[in-house]
J.: 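Have a look at this one before I ask anything.
Quantities reported herein were computed from a predicted structural model and do not represent experimental measurements. Just follow the structure's listing: the first ligand is 1, and inside any ligand the first atom is 1. For the numbers below, each heavy atom of this structure counts, side chains included, while hydrogens, waters and symmetry mates do not.
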Amino acid sequence: MKGLFFLLLFMQLLAAPVAVYKQWIPNTNFENASNWDKDRLPCANDMVLFKSNEVISVFVQSSHSLTDMYLPLNGEFIMAPGAGFAAFDGSWDPGCDTGSDITFIDAEKYKWHDPALWHAATSLADLEQGNYIFTVDEERVPCRYDDVIFQPETSFRVNIDSSERMIHLRSISIMGQKFTSDAALAEYMQSSSAKLQFHGNGTFQVTNARCPDKSGCDCGNAGEHRQICAALLGDSGTRCPALVCKGPLQLVGHCCEICGATISLEYTPGFDITQYRNRILHDFLSLPKYAGVQMAISKVHKPQSVLGIVPRGSVPVIQIVLIDDKTESQTGTNAELLAEDIMRDIAEHGDSFGIVSGTVQVATGRYSSGQGDTTAGGTIAGTIIGLLLGLLLVGTMLFLYRKGMIRLPSGHLAGLWNRKEDQDAVAGPSDKGFDNPIFDPPTNRAESHGACSGVEALKGMTSKDSGIYFVNPLYDEMEIIV
Ligand SMILES: *[C@@H]1O[C@H](CO)[C@@H](O)[C@H](O)[C@H]1NC(C)=O
């Protein structure tokens, strides 16, 4: 137990502030074949056309010999050292005997709020190596504590229309220059290059601030949800892809429903999202059996309602999303296994991470449409109430430590067996985690709680709308170690 404590302390020290880098993907570089309507670069005999009304900034990496080029009225070429255009001297250009018209494709259509146009990574090295993170759609677009990168040596054009008008960021890097203050960025935005790079009604605000809350910060793009999904799915009403699983899951911040699993965590102020994310990555996701599983974890504001009808604001929760690469009837089954592993881990160690409770929902392709008369389909809903841990006091750390076993009167335990609705009604978010610790010997858990002592037992007996709780084996006594 002490070993675990020091491991946790160590991980705590390692946990860097949550940093996410978002890199814009499209570019308007001259040397990018996909920017030309012939899907190749212009060759010497070609007639190179820019539409006269095109507003564009084009980065040119090398030198080109051309026969003829029509330029836009409002545009610029940014020349790398040694780059340029030379008149074609008539010498032979292999593969370009018969020149043709070749037109630069305009870049008006690229929207800041299109999730498909960004790469996200938790370090610059990962960004470079292509180790991108998986997130819900709203968080694929830059969030307010993100560093935005437009790659050096690239030109681009992006529509920053924004329904909120203001785009909050930590920083923004353009052509190798990093802006961390509004003043410097505002000055840059007046330049002729900036006017070619950005169009639309949005304004940037850069703070140079990291998320100040170690339990995480929500992305801040909820107000742009419609725009984000319209950009992703196409304004013309393109539909979400058809899914093979039963009862697909709705996620906070995502445009389409998914197959897989989602876990929603209630947490105490001691919860550290980076540390917990690392735990899942290192202890579970890195296992070979989970090779095809992807995880997203973030703080989101989950809409609440009374009896599922009347909206009642929203509460912050940690949303974990698990999807896998299985297909057909196996779709989501690997994500389901991982979700079960994570729930077991929460039952055992959740308290030490500041997790109050976890609710899991699963949608897989495993259940045939004929099976079962419950609405559950492939859905498991279960909640583990983990009670208490982490008391951090001035200069002193209290650590809960498992020792003897103490039984509570069974009447007390029965009182904990409430349905989710009841629990929501009595306990506001602020008093979670400050209940008295409940003592219960793990060996007698199944007996005390009947069928609901494990995730397995919950399968098939609950619908995704009715939460079922089971009590966490708790720490039995407190001991001060420091
Ligand atoms: C070429 O441009 C397209 C569209 O802007 C972009 O998606 C792609 O990543 C670019 N390719 C390279 C190699 O820069």
J.: List, ordered by chain and residue number, the protein residues whose closest non-hydrogen atom lies under 4.0 Å from any atom of ligand 1.
T.: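 Within 4.0 Å of ligand 1, the protein residues are Ile25, Pro26, Asn27, Asn32, Ser34, Asn35, Tyr110.
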
J.: Is the ring pair Trp36/Phe30 parallel, tilted or perpendicular, if the boundaries are 30 and 60 degrees?
T.: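 Rings of Trp36 and Phe30: perpendicular, as their planes differ by over 60°.
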
J.: Evaluate the criterion disulfide (SG to SG under 2.5 Å) for residue pair Cys259 and Cys245; output intermediate values, then yes/no.
T.: CA-CA 6 Å; Cys259 300; Cys245 58; 2.1 Å; yes

J.: Answer with yes or no after comparing the ring centroid distance for Phe77 and Phe85 against a 6.0 Å cut-off, counting only values under it.
T.: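 Yes, they do, as the ring centres are separated by less than 6.0 Å.
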
J.: If we ignore angles and hydrogens, is there a donor and acceptor under 3.5 Å between the side chains of Glu224 and Ser162?
T.: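 Per modelled atom types, Glu224 and Ser162 side chains form a pair under 3.5 Å.
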
J.: Is the SG of Cys240 found under 2.5 Å away from the SG of Cys256?
T.: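 Disulfide present: SG-SG distance under 2.5 Å.
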
J.: Would you mind telling me which of Phe59, Trp112, Phe198 makes a ring pair (Phe, Tyr, Trp, His ring centres under 6.0 Å) with Phe156?
T.: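 Result for ring pair (Phe, Tyr, Trp, His ring centres under 6.0 Å) with Phe156: Phe198.
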
